[in-house]
There are 2 protein chains.
Amino acid sequence: MTNTDRHGLIARAVGESGSATVQDLAELTGASEMTIRRDLDTLAAQGVLERVRGGARTLLLRGEEPPFALRAREAVDAKRRIAAEVASLITDGETVLLDSGTTCLEVARLLRQRPVTVMPLSLQAIHLFGEAPGSTTLMVPGGRPRAAEGALTGPLTLASLSALRFDTAVIGCCGLSAAEGLTAYDLDDAAVKKASIASARRVIAAADGSKLGRTAHAYVGPSALLHTLVTDSSAPAEEVAALEGTNTVVKTV
Amino acid sequence: MTNTDRHGLIARAVGESGSATVQDLAELTGASEMTIRRDLDTLAAQGVLERVRGGARTLLLRGEEPPFALRAREAVDAKRRIAAEVASLITDGETVLLDSGTTCLEVARLLRQRPVTVMPLSLQAIHLFGEAPGSTTLMVPGGRPRAAEGALTGPLTLASLSALRFDTAVIGCCGLSAAEGLTAYDLDDAAVKKASIASARRVIAAADGSKLGRTAHAYVGPSALLHTLVTDSSAPAEEVAALEGTNTVVKTV
DNA sequence: ACTTTCGCACAGAAAAAATGTTCGTTACGG
DNA sequence: CCGTAACGAACATTTTTTCTGTGCGAAAGT
């Protein structure tokens, strides 16, 4: 049991039951209470949960966007596979616009060292490219970083997007359905996605199955804007069929 | 002797004599040749020196800008002191534009956790703020990162600057004299500095003594544009006097 | 006032990084 | 084409760092 495993266990336990005491978690993981306290502090700092005296409480159940650190723990395998497929759809030499979100971050990992021009819309992805200046050309959009992930939003971001054109935009989403279209948790985020789609010749959406058929608050646009959707086999079949009816190519990995 | 010490020794040895063999360096540092090879690979990746068969060669003596990783090793103390003084000149609540360069990076370290709004012009500084989202508000400018430091330049950067106004701009420079004005190594960099100065109400230059009286290729503007100059005691006295004659307040730390 | 929880400080344990050695492979100079 | 020096991969060892548990006094809640 590594510390990361334990963190995962704790995050899941707290997330499922809504809250947990330090004692419970110590018993569950086999670690000492002191260790659990340290873990909880760490996870609280990451925005995974909220620290309360005696234990911890989940941050969900409030209609808010799940914290990035929490989302990053979910469906990692599916995201990796989806990202691999997306990366394979991108040809060397292309200019690529990379949206924020955990799936797109995986795509960023795969694009490193490849001869493409990339403009990522999150600080985390920018870090990835900035640290290993390989054959990839990096463009940084302006903006104000939002939340733990550092998703760039605001007028500067929109201005940067409107000044450029891309071969491909890789878009993540919080909700997607043929009926309700593409939706995001945050209005600013939605505006950025809208502008991203507008400045790319080809739009690839990367969304694991849990996103399909779901609708979030902020509307981005109709699903017909997407040229390709890459998802996994957990996607609801009827939703996939409906999306294919709107001229979107659906690839299931 | 830590590995960092050894890296410093190697960098200095190669820098002074122009080149060195693996054997020489192994003898000098007391480490094995394998370790030296690994060190040289590391330093080469950082852009401190160039790897050649049998040893390493300096990257200087070619009229180019000294690599960032090399500059970062020089005059660290002076830079820290200068940065501390600059940070003390900035009031809580201000909006601050932070130029690229090693000295400004030190200022960035000191501004973390302080309640100010900062827009750094280098990726390295953006990383600093991005990782510890304290009470500091971060703004990211657009642009193309240049060189190892990730100094942002280009039309996107200029557009970001022209869209905003700042209370204070902290400017680093490669050369500064009362007669020749403010100069930079790179034309793009100079353009960014020019725009930075234009969009700030107050301009603070941070330059250790070695920069004063020196002139680089790209002209930014007259020294009178600077409201305050923070430098250290190694600055040539006549140059300091001349700058004070152009309405610039000079602070020596 | 009493109990529980916290978190610091230290010591030991575990993990990670750095280093040295060996040895087969590769590049350069005759 | 061969010999020599240099290189770098793989492994063992050492060093450093990080993680973890325990004891104890302080702080928070009841």
Side-chain angles (χ1 to χ4, degrees), chain A residues 1-15 17-59 69 72-73 76 109 112-113 127-128 131-132 134-135, chain B residues 1-15 17-59 69 72-73 76 109 113 127-128 131-132 134:
Chain A
M1 155 110 51
T2 75
N3 54 359
T4 313
D5 292 342
R6 197 179 54 244
H7 285 186
L9 262 179
I10 294 174
R12 195 145 49 80
V14 173
S17 64
S19 70
T21 69
V22 171
Q23 283 182 3
D24 292 347
L25 294 169
E27 206 169 318
L28 171 69
T29 61
S32 73
E33 298 194 2
M34 187 67 227
T35 300
I36 297 296
R37 287 202 189 90
R38 282 190 271 241
D39 288 346
L40 292 182
D41 290 346
T42 304
L43 293 169
Q46 290 175 4
V48 176
L49 44 74
E50 187 183 16
R51 191 77 171 79
V52 293
R53 187 174 179 82
R57 187 169 33 174
T58 180
L59 278 171
R73 296 182 178 283
V76 179
R109 290 216 171 80
R112 274 186 298 185
Q113 312 293 355
H127 288 199
L128 277 184
E131 284 174 9
S135 49
Chain B
M1 157 110 50
T2 75
N3 54 0
T4 314
D5 292 342
R6 197 179 55 243
H7 285 186
L9 263 178
I10 294 174
R12 194 145 51 80
V14 173
S17 63
S19 70
T21 69
V22 171
Q23 283 182 2
D24 291 347
L25 294 170
E27 207 169 316
L28 171 70
T29 60
S32 73
E33 298 194 3
M34 188 64 227
T35 300
I36 297 296
R37 286 203 189 90
R38 283 190 270 239
D39 288 346
L40 292 182
D41 290 347
T42 304
L43 293 169
Q46 291 176 4
V48 176
L49 43 76
E50 187 184 15
R51 191 78 171 78
V52 292
R53 189 177 176 81
R57 187 169 33 171
T58 181
L59 276 171
R73 295 181 179 283
V76 179
R109 290 216 170 81
Q113 311 294 352
H127 289 197
L128 276 184
E131 286 175 8

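All values below come from the heavy atoms of this structure, side chains included, with hydrogens, waters and symmetry mates left out.
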If I take atom [atom1] in residue [X] and atom [atom2] in nucleotide [N], what distance separates them, rounded to the nearest angstrom?
X     : N      : atom1 : atom2 : value
A/R37 : C/dC8  : CZ    : P     : 12 Å
B/I36 : C/dG20 : CD1   : C1'   : 12 Å
B/M34 : D/dA9  : CE    : C1'   : 8 Å
B/D5  : D/dT16 : CG    : P     : 12 Å
A/E27 : D/dG21 : CD    : C1'   : 17 Å
A/L43 : D/dC19 : CG    : C1'   : 15 Å
A/L40 : D/dC19 : CG    : P     : 16 Å
A/R53 : D/dA28 : CZ    : C1'   : 4 Å

Using a cut-off of less than 4.0 Å, is there contact between a side-chain N or O of A/Q23 and OP1 or OP2 of C/dT5?
yes

State the [atom1]-[atom2] distance between [X] and [Y], to the nearest 0.5 angstrom.
X     : Y     : atom1 : atom2 : result
A/L28 : A/I10 : CG    : CD1   : 8.0 Å
A/T29 : A/D39 : OG1   : CG    : 7.5 Å
A/R6  : A/R38 : CZ    : CZ    : 9.5 Å
B/D24 : B/E33 : CG    : CD    : 10.0 Å
B/L9  : B/T4  : CG    : OG1   : 11.5 Å

Hey, what are the protein-to-nucleotides 13-19 of chain C N/O distances that come in under 3.5 Å?
unit_1: C/dT19; atom_1: OP1; unit_2: B/R6; atom_2: NH1; d: 2.7
unit_1: C/dT19; atom_1: OP1; unit_2: B/R6; atom_2: NH2; d: 3.1
unit_1: C/dT19; atom_1: OP2; unit_2: B/R6; atom_2: NH2; d: 2.8

Looking at the side chain of B/R51, which of D/dA6, C/dC6, D/dC7 is the nearest nucleotide?
D/dC7

Indicate yes or no for a side-chain donor-acceptor contact from A/R51 to the backbone of A/G55 under 3.5 Å, with no hydrogens or angles considered.
yes

